[in-house]
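Data block below; observations after.
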Amino acid sequence: MSEWEKIIPKVNETAEFLEIAGDFGDPMELFREALQNAFDWHATEFYISVKVEEISGKEKLVIELRDNGDGMSKEQIVNNFWNLGNSASKSDSSKIGEKGHGTKIYLRSDKIVVQTTNGNQSFESICEAAFGSLNSGKMHDPVVREVNELYQKGTYIRLEGYNQNEMGQYTQDIIKDYLYWKTKLGSFEMELEGKEKNNFKVFLKALDVEEYEILEFGHIFAKENTNINKLFEIYEENAADYFVKKYVYQDRFLDARPDIKYDVVIYVEGDEAKKLYNPLLKNRANRKKGSYKVADRYGIYLCKDFVPVQRVNDWITGFGTGSNSYVMLHGFINCQKLKLTANRGSVANTNLLIVNELKKDLEQILNEIDVDLYKNNINTLKKWQQEAKTVEVEKAAFQKRKDLIAAKRFFEINGRTFLEPRNEAELYGLFMSIYTLYPDKFSFEPLDYDESIGVDLVARNKSDNKIADCEYWYVELKYLLGSREFNHSFRNVRVIVCWDFSNNLKDGTKISSSVGDTERQFHIGNSNGKKVYFLDSDDSAVRIQVISLKEFIEEELKIEIKAQN
């Protein structure tokens with residue numbers, strides 16, 4: 001038997017660096033990593049400049065990042081900035097950085113320049129063709145040196161050709177939105193009681209602006225607006241869209257793990273209130289690049305270091321009155337015991353017990369909010385809103401019907417006004433009125449009307465004396481009779497009453513039944529000098545009489561149908 005041989009595991013360094021650099025799915029994550037590093041190292045100001053420069057005859061995207069923090073020593077540049085898996089923040093629980101992966105997103109650049117000073121020494125580090133080298137299977141090759149010039153305290157980073165020079169998303173509104181939703185700048189801790197104002201600021205200048213905009217620390221919420229009487233007075237039926245109420249659950253502990261603390265801030269915000277502070281929300285008048293729908297962004301987020309990590313809208317059950325009620329929620333749960341994936345995109349590494357406990361507590365919190373809203377606030381507004389909308393709908397419907405009446409043709413009989421019908425139901429009403437006035441002009445007597453089952457009217461011959469012993473048959477009503485398929489059987493139909501004929505109906509036109517009866521032909525005949533219409537068939541002795549009520553009024557009754565002035 002041979003002796004044991006020691007195995008020394010090795011890492012394919014090039015492949016690992018390339019994979020980590022590519023693991024950041026959103027190129028904007030570069031701003032998160034740089035900002036949070038600046039925050040960890042006590043910066044109060046962080047500058048972001050995005051521009052396009054001509055470099056070696058080519059236009060390239062250039063991103064400059066600068067902070068006034070503690071700066072880096074030579075060892076920190078070598079071991080933490082360029083190496084993988086090392087972070088000076090790992091041993092300090094007050095700091096955000098913990099993986100030693102974040103700065104590797106910079107490797108997606110053609111050139112990286114770092115200048116830093118800790119107040120005593122200044123260093124410059126450069127890496128040429130970083131991403132190109134990794135993609136060709138070679139390690140990137142950064143260099144570092146001390147410089148005599150004492151830079152401004154802090155760190156400056158310049159990235160040339162970042163993310164293959166894709167420039168479309170680097171506008172002021174899109175970057176600003178990312179900073180407030182995905183980085184420490186958008187921390188919601190200022191909403192908790194006892195928290196002092198943080199003076200950290202971001203100075204942002206994107207491709208589409210010429211001046212820096214100052215962004216203050218703290219996530220942006222809608223301004224509270226809970227006076228439902230005032231809201232309804234101003235916005236009437238749209239009042240619920242401007243309602244805003246804040247709920248804070250601070251210093252709570254998990255039942256199964258009372259050693260674990262968490263904080264919750266939830267704003268209930270109407271859609272219009274959101275649009276007052278969020279320029280990227282889609283509406284008909286706003287089609288900005290990068291815009292999104294309320295449902296794409298809002299709900300509840302799990303956070304660590306008060307930075308949103310993962311949206312958990314699937315945890316929201318039973319809240320509100322509809323399946324999309326979650327869009328009213330603008331909320332965050334922070335727990336420092338959450339364990340994040342390498343790219344900070346998920347809490348998948350967290351103990352499942354902690355996750356399940358947070359989910360259970362969120363259900364309880366949302367139930368409390370739901371009850372409060374039902375008792376006091378927005379549900380009252382929604383009730384008023386529905387009542388107001390009902391009134392508005394009825395007003396609009398009434399006006400529409402008045403307009404339709406004004407557009408209809410009409411005729412008069414003995415001082416009574418009749419309007420031209422526009423559908424089958426109105427045709428029935430008009431026919432029954434005409435029949436009541438002129439029963440002798442019809443050879444049949446209508447007895448029963450039901451449009452929901454079978455053919456519309458059941459009728460009988462007037463010559464039959466007793467209703468109980470008479471023969472019944474159908475009268476079908478058609479607003480316009482045309483050549484298209486007849487939607488009933490021809491069996492038992494003796495009369496078709498229509499308002500008028502469609503243009504494609506000619507003498508000899510064939511009309512078939514949708515239920516498989518034999519085909520019928522439309523014919524125009526003459527009886528005692530009057531034009532008559534009927535449907536005939538070679539294999540049936542029964543002709544189906546067709547009456548055009550419009551023609552009956554004009555030709556038989558000699559009454560003019562007129563347009564209104």
Taking atom types as modelled, find out whether [X] and [Y] have a side-chain donor-acceptor pair closer than 3.5 angstrom.
{"X": "Asp305", "Y": "Gln336", "answer": "yes"}
{"X": "Tyr292", "Y": "Asn278", "answer": "yes"}
{"X": "Tyr249", "Y": "Gln364", "answer": "no"}
{"X": "Tyr156", "Y": "Asp67", "answer": "no"}

Should Asn118 and Lys74 count as side-chain neighbours, where that means a heavy-atom distance under 4.5 Å?
->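 Asn118 does not reach Lys74 side chain to side chain.
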Practice problem: Would you please name every residue forming a salt bridge (charged side-chain N to carboxylate O under 4.0 Å, His left out) with Lys195, sequence neighbours left out? | Solution: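 For Lys195 there are no salt bridge (charged side-chain N to carboxylate O under 4.0 Å, His left out) partners, ignoring immediate neighbours.
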Partners meeting salt bridge (charged side-chain N to carboxylate O under 4.0 Å, His left out) with Glu368 (sequence neighbours left out)
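Glu368: no salt bridge (charged side-chain N to carboxylate O under 4.0 Å, His left out) contacts found.
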Original post:
With a distance cut-off below 6.0 Å to the six-membered ring centre and an angular limit of 45° from the axis, does Lys245 pair with Tyr267 as a cation-pi contact?
Top reply: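 Checked: cation-pi criterion not met.
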Note to self: Whether Arg252 engages the ring of Tyr262 as a cation-pi pair (distance to the six-membered ring centre under 6.0 angstrom, angle to the ring normal within 45°) should be assessed.
What the structure shows: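 The answer is no, since Arg252 fails at least one limit relative to Tyr262.
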- Non-hydrogen atoms of Val309 and Lys304 that approach each other most closely: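 Heavy atoms only, the tightest pair is CG2-N, 3.9 Å.
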Discussion item. Using every non-hydrogen atom in the two residues, find where Trp41 and Gln76 come nearest and quote the distance to one decimal.
Written reply: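 Shortest heavy-atom contact: CH2-NE2, 4.1 Å.
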For this session: Please confirm whether the backbone N or O of Met72 pairs with a side-chain atom of Thr116, one donor and one acceptor, at under 3.5 Å?
Result: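 Such a contact is found between Thr116 side chain and Met72 backbone.
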Backbone N/O of Lys111 and side chain of Glu128: donor-acceptor pair under 3.5 Å =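 Not a single qualifying donor-acceptor pair exists.
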Output field: ring centroids His219/Phe306 closer than 6.0 Å
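No: the rings miss the under 6.0 Å criterion.
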